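Here the structure is a predicted model, which is why all the values come from computation and not from measurement. Throughout, residue positions are numbered sequentially from 1 according to the sequence presented. Each ligand, and each atom within it, is numbered from 1 in the order the structure gives.
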Amino acid sequence: MSPAALIFDVDGTLAETEELHRAAFNAAFADAGLGWHWTRDLYRRLLKVTGGKERIAAWCVEIRTPLPPARIAALHADKTRRYSGMMATGRIALRPGVARLMAEARTRGVALAVATTTTRANVEALTRAVWSATAAEIFEVVAAGDEVAAKKPAPDVYRLALERLGIAADAALAFEDSRNGLLSARGAGLRTIVTPSVYTSGEDFSGAFVLLPDLADYHPFAAGKVVPAS
Ligand code: XBP
Ligand code: MG
């Protein structure tokens, strides 16, 4: 049976955005005079903590430098502003197959949704940069990390997306790039197609419905069926 909705993770799945997030974190840290710099290797490890605010808080614990929650929130707000600016002037492209899959879904009346750890502001920044459109013009539903009690790997954000779509989990497909995302989608009962990204390659993706390098060769609407491509 053809799915009624496709629910996409954003960071690492729609586009390789994490280098932009990392640059925005580092710029915010430098401006605040903190003397912190997250290298690629360090960021790969820190990404296991989902959510920017939570990641900064975990870092503070790691380096035994306590910061009050309000300071972390202000740092993160500055990081989000910088990320939007960098997104607007950068050259972020969708990952292979994403645009084609979304277009095929639209043609068939299949709903498009987002379930992301990042904020709605960052989803808007991406849709403006890629489609020159608002998130609401591209996605029927956006469920964001700042709207749920528990971020990925908890299932909350996928459950929220399903609730807003008004459909059951078996009527949708989820698209993820990380183990945390896979656990979240699976926790909500979703079949999950995983395309590892630069920062998540090598993670444990057991339980994925389909595991592919990218979506270029993924055709869920072929012959009107959803079949695992591998
Ligand atoms: C992505 C994240 C996000 C971004 C930063 O996880 O963990 O935290 O790195 O975004 P996923 P914010 O792709 O699994 O949703 O700083 O806005 O939280
Ligand atoms: Mg992701």
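Among Glu54, Lys48, Arg120, Arg55, the residue whose heavy atom sits closest to atom 9 (O) of ligand 1 is Arg55. The nearest non-hydrogen atom to atom 16 (O) of ligand 1, considering only Glu18, Arg179, Arg22, Lys79, comes from Lys79.
Screening Glu19, Glu18, Arg22, His21 for a side chain to side chain donor-acceptor pair (under 3.5 Å) involving Tyr43 leaves a single residue, Glu18.
Contacts between Tyr199 and ligand 1 below 4.0 angstrom, taking non-hydrogen atoms only, are absent altogether.
For Val49, no nitrogen or oxygen atom sits less than 3.5 Å from a nitrogen or oxygen atom of ligand 1, counting backbone and side chain alike. Residue Lys151 places no N or O, backbone or side chain, under 3.5 Å from any N or O of ligand 1. The shortest N or O to N or O distance between Phe25 and ligand 1 is not under 3.5 Å. An N or O contact shorter than 3.5 Å links Asn122 to ligand 1 by distance. Between Thr118 and ligand 1, a contact under 3.5 Å exists for at least one N or O pair.
Side chain of Glu140 to backbone of Ala113: no donor-acceptor contact under 3.5 angstrom is found. With Ser184 contributing its side chain and Asn180 its backbone, the two residues share no donor-acceptor pair below 3.5 Å. Side-chain atoms of Thr118 do not come within 3.5 Å of backbone N or O of Thr116 as any donor-acceptor pair.
Around the Mg ion (ligand 2), the protein atoms of type N, O or S found under 2.8 Å away are Asp9 OD2, Asp11 O, Asp177 OD1, listed by chain and number.
Ranking protein heavy atoms by distance to atom 14 (O) of ligand 1, first place goes to Lys152 CD, 3.5 Å. Considering only non-hydrogen protein atoms, atom 15 (O) of ligand 1 sits nearest to Thr117 OG1, 2.8 Å. Protein heavy atom in closest approach to atom 18 (O) of ligand 1: Gly52 N, 2.6 Å. The protein non-hydrogen atom at the shortest distance from atom 13 (O) of ligand 1 is Asp9 OD1, 2.8 Å.
For residues 158-175, the set of pairs meeting the salt bridge (charged side-chain N to carboxylate O under 4.0 Å, His left out) definition, not counting sequence neighbours, comprises Glu147-Arg164.
Within the 4.0 Å heavy-atom cutoff, Lys53 does not count among the residues contacting ligand 1.
Taking the side chain as every heavy atom from C-beta outward, Thr192 and Tyr158 never approach each other to under 4.5 Å. Counting heavy atoms from C-beta outward, Glu62 and Arg45 have side chains that approach closer than 4.5 Å. Looking at heavy atoms from C-beta onward, Val157 lies out of side-chain contact with Thr117 at the 4.5 angstrom threshold.
Aromatic ring centroids of His37 and Phe29 lie 6.0 Å or more apart.
Counting atoms of ligand 1 from 1 in the listed order, those under 4.0 Å from a heavy atom of Gly51 are 7 (O), 8 (O), 18 (O). Annotation for ligand 1: atoms under 4.0 Å from non-hydrogen atoms of Thr119 are 17 (O).
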